[in-house]
Amino acid sequence: MEQHTLDIEKQVTLLMRGTEYGDEQLKEAMRIELRQRLIEAQAEGRPLRVYCGYDPTATDLHLGHTITMQKLRQFQDLGHHVIFLIGDYTALVGDPSDKNKARPILSHEQVLENAKTFAEQAFRVLDPEKTEIRYNSEWLGKLTLVDLIYLGQNFTVQQFLARENFAKRIKEGSPIFLHETFYPLLQGYDAVMLKADVQVGGSDQLFNIIVAGRKLQEVFGQKPLVGILVDILPGTDGVQRMSKTTGNIVPIFTTSEDMYGKLMSIPDFAMGKYFRLSTRLTSEEISALEAGLAAGKIHPRDAKMRLAREIVSIFYGSEAAEAAEAAFVQIFQRKDVPEEMDVYQVQPGQSILDVLVDSGMVDSRSAGRRMIQQNGVRLNGETLDDPNAPFPGEGILQVGKRHFRRIIISKE
RNA sequence: GGGCAGGUACCGAAGUGGACAAACGGGGCUGACUGUAAAUCAGCUGGCAGACGCCUUCGGCGGUUCGAAUCCGUCCCUGCCCA
């Protein structure tokens, strides 16, 4: 018995690590509830039911999503039951939490298309053997109007208006569509249908999880879930939250080299958050690193390379991470060329511009001309300056900093 | 349903008959520099041709005009106020 409580204490410490509630009291309350729930479940001889929902509003899952996924993984590794919920119906509504404006309307077909590879992407972090995949259309699709009315009776308009993002939109005079207010109800209903003990989410999910989810579970006679809220990862710009629409994502499905490079492009000031949220380094190690940086003992470039290496190795293993680093050093630090690149075969009579466009290295002839004018096109290191000249010969064609093709001349 | 204000490029936002492919800012791209694809500085940022020029784009459609993002009609959408 003594031994078990100790185990639980360790679990609580691990599971609460990296959480962010924006309010110490709430955090403490959740810590206590988590401990209690673990004790109860253990007494009942069952694992906790833990879930996090992901809305397929776009095709790519990205590093930002993996913060909650890593938290799910922790639960999984501790033997708890994890549900990866695909929000194919909530995606139709669009979560107003993280937005300063309404989401564009998607059709259910588009959403399902987006969701196609969600699970596959998630398994880069989660254990496929231990993960239950669900779609919330399963129960949201069956909700009747009466059900919805009943759900709505538990919330007031004032609760919604008080939320920062809605208040902001009201102040700006930008629209808030009625259906957006359904979002928390639907997410809360997910929690009810899943009989969740724990819900993991970003700290922007506070209302949806702590207010809506817990409230509705109580209404349905369930014990309100424990919310595990994690901090939000900024995108590659270092400021705005990572999101596909902002265009600042590090996608999960990409090459190790690309992931490494994207991580190297984050601003120096964002390194701390990335280390804390996306790597396995302990907070002591990170603090030491930051102290070194502040004292000028550690080069920011080296710290960022460490960051990139750490994260890439989580997804691709340490060998691939080292290879990606080597490629990065080769291309960007030594300004050398990569080991591997696509091959393009030049046809007789093609001009330089023809090759740029036809090989897909530029989007249009105008863009190609611009690129040449700006000295962005090189063949074997020699800058090419006449778009209309016949393509001069074989070798390595480079456009901008990071686009390469091996050019061969067709024998004819 | 009525009154008022709006709908401009990837985003924000000027422009209110010709000099508008459309100021400015952000984003993106290129170059220089560097400590890195950070920061900073400079340039570029609809397409075709690249010399003149031509084509598509300012919510949709239709008009007025030699000429419309700009004026008129109509429709759609948003905010505020009223009901």
Side-chain angles (χ1 to χ4, degrees), chain A residues 58 99-105 161 166-180 234-250 254-275 290 292-309 311-312 324-338 351-354 356-357 361-378 381-389 397-404:
Chain A
K99 289 283 158 187
N100 297 325
K101 57 182 176 185
R103 279 184 184 279
I105 309 289
L161 299 187
F166 280 155
K168 196 170 160 198
R169 278 156 69 176
I170 289 170
K171 201 175 158 199
E172 287 173 351
S174 54
I176 297 168
F177 292 90
L178 198 54
H179 72 274
E180 295 184 75
T236 49
D237 60 325
V239 182
Q240 287 184 275
R241 68 174 279 133
M242 190 175 283
S243 109
K244 180 120 184 199
T245 29
T246 320
N248 58 359
I249 68 168
V250 180
T254 182
T255 61
S256 53
E257 287 86 1
D258 181 60
M259 184 180 273
Y260 189 96
K262 283 204 162 66
L263 290 166
M264 285 303 285
S265 81
I266 67 166
D268 291 354
F269 65 78
M271 281 196 278
K273 276 221 163 174
Y274 271 73
F275 267 115
E290 287 184 321
L293 279 171
K297 285 180 185 159
I298 299 175
H299 197 297
R301 178 199 56 204
D302 296 332
K304 206 183 288 179
M305 286 173 81
R306 166 113 193 252
L307 174 73
R309 204 166 59 232
I311 295 177
V312 171
E325 181 166 288
F328 181 85
V329 169
Q330 187 167 28
I331 298 164
F332 297 110
Q333 291 183 11
R334 297 216 311 265
K335 297 200 194 301
D336 216 340
V337 298
S351 68
I352 292 171
L353 193 54
D354 291 334
L356 292 181
V357 175
M361 296 179 86
V362 296
D363 290 332
S364 66
R365 297 180 71 82
S366 299
R369 283 212 171 81
R370 256 180 252 130
M371 204 59 97
I372 290 168
Q373 270 165 17
Q374 295 176 133
N375 296 323
V377 179
R378 284 172 287 272
E382 300 270 320
T383 304
L384 302 179
D385 55 12
D386 182 0
N388 299 315
L397 179 64
Q398 178 177 8
V399 176
K401 286 173 189 163
R402 59 192 116 151
H403 300 293
F404 297 90

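Throughout, protein chains are lettered first and strands after them, A, B, ... in sequence-line order, and every chain is numbered starting at 1.
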Please give the nucleotide sitting opposite G31(B) as a Watson-Crick or G-U wobble pair, both distances under 3.5 Å, or none.
C41(B)

Under the side chain to side chain donor-acceptor pair (under 3.5 Å) rule, collect the residues that match up with Tyr260(A), sequence neighbours excluded.
Glu325(A)

Residues forming a side chain to side chain donor-acceptor pair (under 3.5 Å) with Lys273(A), sequence neighbours excluded:
Asp231(A)

Complementary nucleotide of U57(B), counting Watson-Crick and G-U pairs under 3.5 Å
none

Contacts of type salt bridge (Lys or Arg N to Asp or Glu O under 4.0 Å), residue Glu290(A), not counting sequence neighbours:
Arg276(A)

Set of side-chain contact (heavy atoms from CB on, under 4.5 Å) partners for Ser265(A), sequence neighbours left out:
Thr236(A)

With rounding to whole Å, what would you report as the distance between C10(B) and U16(B) at their P atoms?
23 Å

Start and end of the RNA chain B segment that chain A contacts, any atom under 4.0 Å from a heavy atom:
C11(B) to G79(B)

Tell me which nucleotide, if any, is Watson-Crick or G-U wobble paired with A9(B) when both distances must be under 3.5 Å.
none

Who are the side chain to side chain donor-acceptor pair (under 3.5 Å) partners of Gln374(A), not counting sequence neighbours?
none

Residue matched to G50(B) through Watson-Crick or wobble contacts both under 3.5 angstrom:
none

When the P atoms of U40(B) and G59(B) are compared, how many Å lie between them, rounded to an integer?
35 Å

Can Arg301(A) and Asp268(A) be counted as an ion pair, charged N to O under 4.0 angstrom?
no

Base, sugar-phosphate, or nothing for Asp268(A), non-hydrogen atoms under 4.0 angstrom?
base

